[in-house]
There are 2 protein chains.
Amino acid sequence: MAHSHSNEHDLMDLRAKLRGKDRRITKPREEILELLGKEDHPISAKIIHEKLEGSCNLVTAYRSLKMLESMNLVKRFDFGDNTARFELICCNDKAHHHHLICNDCRTVVEIEECFDPKMESRIAQKHGFRNVTHQLEFFGLCSSCQTA
Amino acid sequence: MAHSHSNEHDLMDLRAKLRGKDRRITKPREEILELLGKEDHPISAKIIHEKLEGSCNLVTAYRSLKMLESMNLVKRFDFGDNTARFELICCNDKAHHHHLICNDCRTVVEIEECFDPKMESRIAQKHGFRNVTHQLEFFGLCSSCQTA
DNA sequence: TAATTAATGCAAAAGACTTGCATTTAAAGC
DNA sequence: GCTTTAAATGCAAGTCTTTTGCATTAATTA
């Protein structure tokens, strides 16, 4: 699932969204978006920092990701290993998706399937919650790790 | 959702499971299980250590929880705040469930509803995975926090 | 009751993430 | 383009959760 086609759009989107908020488009922020656009799976701040060697400090990566998340340009995922991972939010049909992670080798597979959204609104209504979202990830043993 | 009724059973279960593995039933382990049995929601290692003041070191809490998890007596949850929380796995109808967490005040509501298990087996089969489980948590704004 | 070895507790470390502060730099004004 | 100014960066140092090494304690087994 390559996102590279969405780069330009995302950068425009970023510019538009930042302009209204007294915020700036900086080299690290652009590079993070560009990198995320090339990635097939969510990646951590540490990996981002490493891949952008030199052009984005680790602290800046954390701060930028938090900011991009708050602007809904990036989504945070949790694969249960004390490390947040981030993915570009793109506006096509694959926007909402989940992951299947191998408990052994940590391979990640993107899952497009999801449950009926009515379940979510039912739950929200039942408990008087609003703006309800969900985090859903699947874990198991991939075919290679079953034999090993 | 009080679990207190399941204590004795869980302890027996623990004893049975440990016996075969050259492992021991110790005071901290018993106390952790007893405490978890009384809790309505998943709690962190730190909270466990605090509530068992004196009788269970924080490190022991971490180690015991990891062990209990590996023996399927305890389940780990992640509410997106860099802190693992644990719940007793009990064998009644409420065994499998999820949570709805307020993004603001962190209130937790237990959710019994879940999607059709066929989805999970379909996903497992499609990607050649086995022993597939899932982590599903809902996040939103509770009624109190909507106004504030 | 003694022997054995798993489990504990302490101290210290590792790892993810955050914060304070001086410096840099994007962007708005001249 | 040049100056201004406040946001963003980078470094150092800190916080917080979780892990590890090692000597000590205590649960099981004989």
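Note on naming: letters A, B, ... go to the chains in the order of the sequence lines (proteins, then strands), and numbering restarts at 1 for each one.
- Ring geometry for B:F79 against B:F77 counts as tilted: the plane angle lies between 30° and 60°, on a 0 to 90° scale.
- Separating the CZ atom of A:R85 from the C1' atom of C:dC17 is a distance of 15 Å, rounded to the nearest angstrom.
- Rounded to an integer number of Å, the gap from CE of A:M71 to P of D:dA7 is 14 Å.
- Put simply, the side chain of A:Q146 gets close to the backbone of B:G128: a donor and an acceptor are under 3.5 Å apart.
- The nearest whole Å value for the distance from the CD atom in A:E69 to the P atom in C:dT18 is 10 Å.
- Here C:dC17 presents its C1' atom at 14 Å from CD1 of A:I48, a figure rounded to the nearest Å.
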Task: B/S/- contact track for nucleotides 23-30 of chain D, protein heavy atom under 4.0 Å - done: ---BBS--
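- For the pair B:N57 CG and D:dT18 P, the interatomic distance rounds to 14 Å; values are reported in whole Å.
- OP1 or OP2 of C:dC17 has at least one side-chain nitrogen or oxygen of A:Y62 nearer than 4.0 Å.
- No single ILVMFWY cluster, assembled from side-chain heavy atoms under 4.5 Å apart, contains both A:M67 and A:Y62.
- At distances below 3.5 Å, not a single donor-acceptor pair connects side-chain atoms of A:H41 with backbone N or O atoms of A:V109.
- Of all nucleotides listed (C:dT18, C:dG20, D:dT18), C:dG20 comes nearest to the side chain of A:R63.
- Remark: the backbone N or O of B:T60 is paired with a side-chain donor or acceptor of B:S64 at under 3.5 angstrom.
- No single ILVMFWY cluster, assembled from side-chain heavy atoms under 4.5 Å apart, contains both B:L65 and B:L58.
- Five base pairs at each end of the helix from C:dT1-D:dA30 to C:dC30-D:dG1 define two local axes, and these are offset by 40° (rounded to 10°).
- For B:R29, whose side chain is taken as the heavy atoms from C-beta onward, the closest listed nucleotide among D:dT18, C:dT8, D:dG10 is C:dT8.
- No contact: A:L58 has no heavy atom under 4.0 Å from any strand.
- Checked by atom type and distance alone, the side chain of A:E137 pairs as donor or acceptor with a backbone atom of A:H99 at under 3.5 Å.
- Put simply, the side chain of A:H49 gets close to the backbone of A:C56: a donor and an acceptor are under 3.5 Å apart.
- Within the 4.0 angstrom heavy-atom criterion, only backbone atoms of the sugar-phosphate kind lie near A:A84; the bases stay farther away.
- Rounding to whole angstrom units, NE2 of residue A:H49 and C1' of D:dG10 are separated by 11 Å.
- Spacing between atom CD of B:E30 and atom C1' of C:dT8 amounts to 15 Å, rounded to whole angstrom units.
- For the pair B:D81 CG and D:dT18 P, the computed distance is 9 Å after rounding to whole Å.
- Of the candidates D:dT17, D:dG10, C:dA16, D:dT17 carries the atom nearest the B:K46 side chain, counting heavy atoms from C-beta on.
- Here the side chain of B:R29 pairs a donor or acceptor atom with the backbone of B:R24 at under 3.5 angstrom.
- From B:I123, atom CD1 reaches atom CD of A:E112 across 11.0 Å, with rounding to the nearest 0.5 Å.
- Phosphate proximity of D:dT19 to B:K66: present, with a side-chain N or O under 4.0 Å from OP1 or OP2.
- Candidate nucleotides D:dT17, D:dT18, D:dT20 were compared by shortest atom distance to the side chain of B:V59, and D:dT20 ranks first.
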